[in-house]
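If you're wondering where the values come from, they're calculated on a predicted model, not measured in any experiment.
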Amino acid sequence: MSAVSDRLPTFPWDKLTPFKATAAAHPDGIVDLSVGTPVDPVPELIQKALVAAADSPGYPTVWGTPELRDAITGWVERRLGARGVTHRHVLPIVGSKELVAWLPTQLGLGPGDRVAHPRLAYPTYEVGARLARAEYEVYDDPTELDPEGLKLLWLNSPSNPTGKVLSQAELTRIVAWAREHGVLLFSDECYLELGWEAEPVSVLHPDVNGGSYEGIVAVHSLSKRSNLAGYRAAFLAGDPAVLAPLLEIRKHGGMMTSAPTQAAVIAALGDDDHVRVQRERYAARRALLREALLAHGFRIEHSEASLYLWATRGESCWDTVAHLAERGILVAPGDFYGPAGAQFVRVALTATDERVRAAVDRLSK
């Protein structure tokens, strides 16, 4: 086992332990704005769907029920503007993180193959390449990469951690480049429904892909938009030539979403109202935290979408983490997401209204 674990970096969140202890010692308790885990209730209609499907003694299927696939295809067309999406174009997954971590392995990548991801990025993109023993590299503009041996290109818009959004024109240019060079493109769009100062666009939109899904797959999650992080519910949509072999591999591996969760996803994708309510919660928290951080001397970059504020005081991110921990506020250091984040911190909007108000009060002193 050590041969596998030795390929991996130190789990970054372990480094926050002493700062979490400092923040927790605050007389009014910790305000945890670090991990970004949802704290609001699962919408009632989703809970009811889960309970109604609780008597599920048989094995679920990896591809999901026809009703689940109908829900996914319907949502992709309604919400993302995709056209001509069939069951062959979609695949349920057990949360998006497992897909990111195991995709290079499931694609058959290995030594000599290259995986590329944004310079500031979710660390699991690199972990996935390491697990497959593939090479990994970062980019500012993916079209400046050497396409030779580049087997997998990750996009992430809106970005975790920065909240940056790629424009429709940028996406169109990148999709065209990837196709020209035969590079498989996976677009992580898990924060797409959380645009604030920009309207995120999917690679599945015909104005981006020209009406073809060849060589492109989008990754979507219900963790943040529906508060379902605990359900492990996500899906892929895109090129059937990519999804069909992934489906076969995942069948052999037993990578199946539970039957009650599938029922919950159907309910979640069929209702837009709870998403609007949750967006309003996050928008209000974002406005309060943003104003408080700016007044405290921070500069905020990008952050036009997603669940985070990408903030800096022009110092080491760890000095900023310590500064805020002394005030009972825990945030994520920017270097978790790459060396380019060394002077930034990621501030999550995922705390209760009461805890956000506590953070705002502490930042004002």
Side-chain angles (χ1 to χ4, degrees), residues 31-49 71-72 74-82 95-96 122 156-168 187-205 218-231 233-235 237 264-294 300-311 346-357 359-360:
V31 179
D32 193 342
L33 307 178
S34 61
V35 177
T37 187
V39 297
D40 299 303
V42 173
E44 186 176 358
L45 85 161
I46 300 175
Q47 293 191 47
K48 286 182 176 178
I72 295 172
W75 182 86
V76 165
E77 293 198 340
R78 184 180 80 251
R79 180 61 184 85
L80 306 184
S96 58
Y122 184 47
N156 181 209
S157 175
S159 164
N160 174 15
T162 70
K164 180 179 180 181
V165 173
L166 294 174
S167 70
Q168 179 178 303
S187 180
D188 182 345
E189 303 175 352
C190 290
Y191 295 91
L192 185 136
E193 295 202 275
L194 297 168
W196 313 116
E197 297 162 5
E199 186 61 38
V201 180
S202 173
V203 294
L204 301 180
H205 195 285
V219 184
H220 283 270
S221 168
L222 286 83
S223 291
K224 307 299 168 57
R225 49 95 72 190
S226 297
N227 298 333
L228 296 187
Y231 284 44
F235 60 87
V265 171
I266 293 169
L269 293 179
D271 177 75
D272 295 330
D273 191 58
H274 78 276
V275 181
R276 177 189 58 78
V277 170
Q278 191 60 45
R279 274 180 53 87
E280 291 173 356
R281 289 188 184 120
Y282 284 136
R285 293 165 185 167
R286 178 181 184 273
L288 289 172
L289 285 170
R290 187 177 189 279
E291 182 178 353
L293 288 167
L294 291 172
I300 295 173
E301 291 191 1
H302 303 302
S303 306
E304 59 258 32
S306 84
L307 280 183
Y308 312 105
L309 293 168
W310 188 238
R346 193 195 73 170
V347 183
L349 310 179
T350 50
T352 64
D353 293 343
E354 183 274 328
R355 287 290 83 186
V356 167
R357 286 193 294 268
V360 169

Taking all non-hydrogen atoms of both residues into account, name the closest pair between [X] and [Y] and its distance.
{"X": "Ile300", "Y": "Arg290", "result": "CD1-CG, 3.5 Å"}
{"X": "Ala233", "Y": "Val265", "result": "CB-CG2, 3.5 Å"}
{"X": "Ala49", "Y": "Ala264", "result": "CB-CA, 4.1 Å"}
{"X": "Val203", "Y": "Glu189", "result": "N-OE2, 2.9 Å"}
{"X": "Pro41", "Y": "Asn227", "result": "O-ND2, 3.1 Å"}
{"X": "Val165", "Y": "Glu304", "result": "N-OE2, 3.2 Å"}

Checklist entry - Got more than 12 heavy atoms from elsewhere within 6.0 Å of CD, Glu354? => result yes
Next on the checklist: Is it the case that over 12 heavy atoms from other parts of the model lie below 6.0 angstrom from the CD atom of Gln47?
Outcome noted: yes
Next on the checklist: Between Asp32 and Arg355, does any NZ, NE, NH1 or NH2 come within less than 4.0 Å of an OD or OE carboxylate oxygen?
Outcome noted: no
Item to check | Pair Asp271 + Arg276, salt bridge at N-O below 4.0 Å | outcome: no
Keeping the roles fixed (side chain from [X], backbone from [Y]), state whether a donor-acceptor pair exists under 3.5 Å.
{"X": "Arg346", "Y": "Ser34", "result": "yes"}
{"X": "Asp188", "Y": "Cys190", "result": "yes"}
{"X": "Trp196", "Y": "Ser306", "result": "yes"}
{"X": "Ser226", "Y": "Leu228", "result": "no"}

So how far is it from [X] [atom1] to [Y] [atom2], rounded to the nearest 0.5 Å?
{"X": "Lys164", "Y": "Ser157", "atom1": "NZ", "atom2": "OG", "answer": "9.0 Å"}
{"X": "Thr162", "Y": "Glu301", "atom1": "OG1", "atom2": "CD", "answer": "9.0 Å"}
{"X": "Thr352", "Y": "Asp40", "atom1": "OG1", "atom2": "CG", "answer": "8.0 Å"}

I want to check something: taking the side chain as every heavy atom from C-beta on, are [X] and [Y] in contact at a cut-off of under 4.5 Å?
{"X": "Tyr308", "Y": "Pro161", "answer": "no"}
{"X": "Leu222", "Y": "Ile46", "answer": "no"}
{"X": "Leu166", "Y": "Asn156", "answer": "no"}
{"X": "Leu194", "Y": "Arg279", "answer": "yes"}

Checklist entry - Can you list the residues that meet the salt bridge (Lys or Arg N to Asp or Glu O under 4.0 Å) rule with Arg281, with sequence neighbours excluded? => result none
Item to check | Test salt bridge (Lys or Arg N to Asp or Glu O under 4.0 Å) applied to Glu193 - qualifying residues, sequence neighbours left out | outcome: Arg79, Arg225
Item to check | Stepwise side chain to side chain contact (heavy atoms under 4.5 Å, CB included) test for Tyr191 and Asn160 | outcome: CA-CA 8 Å; Tyr191 295 91; Asn160 174 15; 3.9 Å; yes
Checklist entry - How far apart are the C-alpha atoms of Val76 and Phe235, what are their side-chain angles, what is the distance that settles it, and do they pass the side chain to side chain contact (heavy atoms under 4.5 Å, CB included) test? => result CA-CA 11 Å; Val76 165; Phe235 60 87; 4.0 Å; yes
Item to check | Qualifying residues under side-chain hydrogen bond (donor to acceptor under 3.5 Å, both in side chains), relative to Ser303, sequence neighbours excluded | outcome: none
Next on the checklist: Tell me every residue that passes side-chain contact (heavy atoms from CB on, under 4.5 Å) with Thr350, counting only those two or more places apart in sequence or in another chain.
Outcome noted: Tyr282, Leu307, Ala348
Checklist entry - How would you list, by chain and number, every residue that makes a side-chain contact (heavy atoms from CB on, under 4.5 Å) with Glu77, sequence neighbours excluded? => result Val85
Next on the checklist: Just to verify, what does Tyr231 make a ring pair (Phe, Tyr, Trp, His ring centres under 6.0 Å) with, not counting sequence neighbours?
Outcome noted: none
Next on the checklist: Between Glu280 and Arg285, does the salt bridge (charged side-chain N to carboxylate O under 4.0 Å, His left out) criterion hold? Intermediate values first, please.
Outcome noted: CA-CA 9 Å; Glu280 291 173 356; Arg285 293 165 185 167; over 6 Å; no
